[in-house]
Amino acid sequence: MASESPKKNWSINDFEIGKPLGKGKFGRVYLARESKSKYIVALKVIFKEQIEKYRLQHQLKREMAIQTSLRHPHVLRLYGWFHDAERIFLILEYAHGGELYGELRRVGYLSEQQAATYIASLTHALAYCHEKHVIHRDIKPENLLLDHEGRLKIADFGWSVQSKNKRHTMCGTLDYLAPEMVENKAHDYAVDNWTLGVLCYEFLYGVPPFEADSQADTFQRIMKVDLTFPSTPHVSTEAKDLIIQLLVKDSAKRLPLDKILKHPWIIMNADPNGSFPE
Ligand SMILES: Cc1cc(NC(=O)CCC(=O)c2ccc(F)c(C(F)(F)F)c2)ccc1-c1nn(C(C)C)c2ncnc(N)c12
């Protein structure tokens, strides 16, 4: 019986490299197949000189430790990694459905059922990450992928931190930043709750709530929580209620993750198969 424990010392010779999937941070990512098991993966190549140039060695090591330790149906798996003289290779779960962003751009906005299913999946995944003291802090449509059944996977933890206490570093694009991050103040898990509100709005309206022509204007709108709902028939009052309870400036007053899963809009609209139970 072959040993069930994952092989530790992978090398490039264990894989057949397929088509390029795109350019990720610090390198390219390829479709690949592990030769013995024929298992399909995404193989990300990161150039060591890039990591050295930005002095990211320690952060990358910490990321790899965080990501290999996370096991959740809605968190994209990092199965392992290996390196050669000039490159680091990440062996990642392959998300056949590609970027959720692409689907959102293609259809314009999502149905309430689809949006609620994705929000429920994200909430389950964030509850799992938070209980492991991980704040993602960079959840945006580009970091959300879909598997072959259209189920959501949070990916690219390029900026998450193992949080024992509050953090101060800036990251991510502006649209999804919570006020306390915009002000570069100490922040904690509740930043992810704010981002859920931003994403819920964007899923339903096709644009993020604080979008503006300039960064300065976006900052202003976030700081004022300048939230307006276009009058469209396809968004229910319950959906707006959830968004309003998440886009709250005082991070302590944002709807907690467990209450999101009990919110009427989620109960009425989320597809239980699309998002895994506790
Ligand atoms: C390309 C890709 C990457 C990832 N994850 C990561 O790369 C983690 C990288 C990381 O944590 C990291 C890297 C450098 C660095 F310096 C640091 C530091 F130090 F700053 F912390 C952190 C997940 C999924 C994909 C992906 N992309 N795509 C296409 C949409 C292109 C896919 N299509 C199908 N399936 C897929 N899996 C994908």
Side-chain angles (χ1 to χ4, degrees), residues 18-19 21-22 24 29-34 37-44 66-80 90-132 134-158 160 176 192-193 195-204 206 239 242 246 257-258 260-263 265-278:
K19 67 174 179 174
L21 291 173
V29 57
Y30 299 88
L31 192 59
R33 187 169 68 178
E34 199 278 317
S37 63
K38 303 293 176 215
Y39 197 79
I40 297 288
V41 296
L43 200 62
K44 177 157 184 177
I66 292 175
Q67 293 182 41
T68 42
S69 76
L70 295 177
R71 306 285 164 93
H72 188 276
H74 293 302
V75 176
L76 194 98
R77 277 295 308 279
L78 174 66
Y79 297 120
L90 309 186
I91 311 166
L92 293 144
E93 176 181 358
Y94 174 57
H96 295 68
E99 288 176 289
L100 197 160
Y101 203 63
E103 180 189 325
L104 187 57
R105 286 288 157 273
R106 215 172 18 259
V107 300
Y109 53 80
L110 305 179
S111 69
E112 293 209 283
Q113 291 68 32
Q114 191 64 55
T117 302
Y118 287 152
I119 294 297
S121 306
L122 276 163
T123 304
H124 281 301
L126 287 173
Y128 170 79
C129 290
H130 289 184
E131 84 197 19
K132 299 199 51 141
V134 173
I135 312 177
H136 189 288
R137 297 191 318 172
D138 193 13
I139 299 169
K140 51 186 187 275
E142 295 88 327
N143 288 341
L144 304 178
L145 299 175
L146 298 168
D147 71 6
H148 59 293
E149 290 174 348
R151 287 195 298 218
L152 181 139
K153 302 273 178 178
I154 302 184
D156 199 356
F157 287 72
S160 64
Y176 306 87
D192 289 336
N193 298 56
T195 306
L196 279 174
V198 172
L199 280 170
C200 191
Y201 185 104
E202 182 163 10
F203 288 161
L204 292 169
L242 176 59
L246 289 169
L257 297 178
D258 61 319
I260 297 173
L261 291 171
K262 295 183 185 107
H263 188 280
W265 183 68
I266 295 290
I267 298 292
M268 282 192 303
N269 291 286
D271 166 7
N273 298 324
S275 71
F276 286 68
E278 287 293 315

Return the set of residues passing side-chain contact (heavy atoms from CB on, under 4.5 Å) with L31 (not counting sequence neighbours), or none when no residue passes. K19, L21, I40, Y94
Name all residues meeting the ring pair (Phe, Tyr, Trp, His ring centres under 6.0 Å) criterion together with Y101; count only those two or more places apart in sequence or in a different chain, and write none if there are none. none
Starting at NE2 of H124, measure out to CG of D258 and round the result to the nearest 0.5 Å. 11.5 Å
Residues forming a side-chain hydrogen bond (donor to acceptor under 3.5 Å, both in side chains) with Y201, sequence neighbours excluded: none
Is the closest side-chain heavy-atom distance between I266 and T123 below 4.5 Å? no
With R77 via salt bridge (charged side-chain N to carboxylate O under 4.0 Å, His left out) - residues at least two apart: none
Hey, are the side chains of K132 and L70 touching, using non-hydrogen atoms and a 4.5 Å cut-off? yes
Roughly how far apart are L126 CG and H74 NE2, rounded to 0.5 Å? 11.0 Å
So which atom in A95 and which in L76 form the shortest heavy-atom distance, rounded to 0.1 Å? CB-CD1, 4.0 Å
Can you list everything that forms a ring pair (Phe, Tyr, Trp, His ring centres under 6.0 Å) with Y30? Sequence neighbours excluded, please. none
Residues in side-chain hydrogen bond (donor to acceptor under 3.5 Å, both in side chains) contact with E112, at least two apart in sequence or another chain: S236, W265
For residues F203 and T117, determine if any side-chain heavy atom of one lies less than 4.5 Å from a side-chain heavy atom of the other. no
Quick one: CE on M268 to NE2 on H263, what's the gap to the nearest 0.5 Å? 8.5 Å
Within a strict 4.5 Å, meaning less than it, do heavy atoms of the L144 and L122 side chains meet? yes
Dump the intermediate steps for side-chain contact (heavy atoms from CB on, under 4.5 Å) on V198 and I139, then the final yes or no. CA-CA 10 Å; V198 172; I139 299 169; over 6 Å; no
Could you pull out all residues at least two apart from S111 that satisfy side-chain hydrogen bond (donor to acceptor under 3.5 Å, both in side chains)? none
What class does the angle between the rings of Y128 and H72 fall in, given that below 30° is parallel, 30 to 60° is tilted and above 60° is perpendicular? tilted
Value rounded to 0.5 Å, distance of NZ in K44 from CD1 in I91: 14.5 Å
Test of understanding: with side-chain hydrogen bond (donor to acceptor under 3.5 Å, both in side chains), list the residues that count as partners of E131, not counting sequence neighbours. none
Could you check whether R105 pairs with E202 (Lys NZ or Arg NE/NH1/NH2 to Asp/Glu carboxylate O, under 4.0 Å)? yes
Would you give the length of the straight line joining atom CG of L145 to atom NZ of K153, rounded to the nearest 0.5 angstrom? 10.0 Å
Atom CG of L257 and atom NZ of K262: how far apart are they, to the nearest 0.5 Å? 11.0 Å
Considering all heavy atoms of both residues, which atom of A32 and which atom of L43 are nearest to each other, and what is their separation? CB-CB, 4.0 Å
side-chain contact (heavy atoms from CB on, under 4.5 Å) involving Y109 - partner list, sequence neighbours excluded: H234
Measure across A125 and I154 and return the closest heavy-atom pair with its distance rounded to 0.1 Å. CB-CD1, 3.7 Å
Checking E103 now: which residues fulfil salt bridge (charged side-chain N to carboxylate O under 4.0 Å, His left out) with it, not counting sequence neighbours? none
State which residue, out of L146, L199, L196, fulfils the side-chain contact (heavy atoms from CB on, under 4.5 Å) condition with Y118. L146
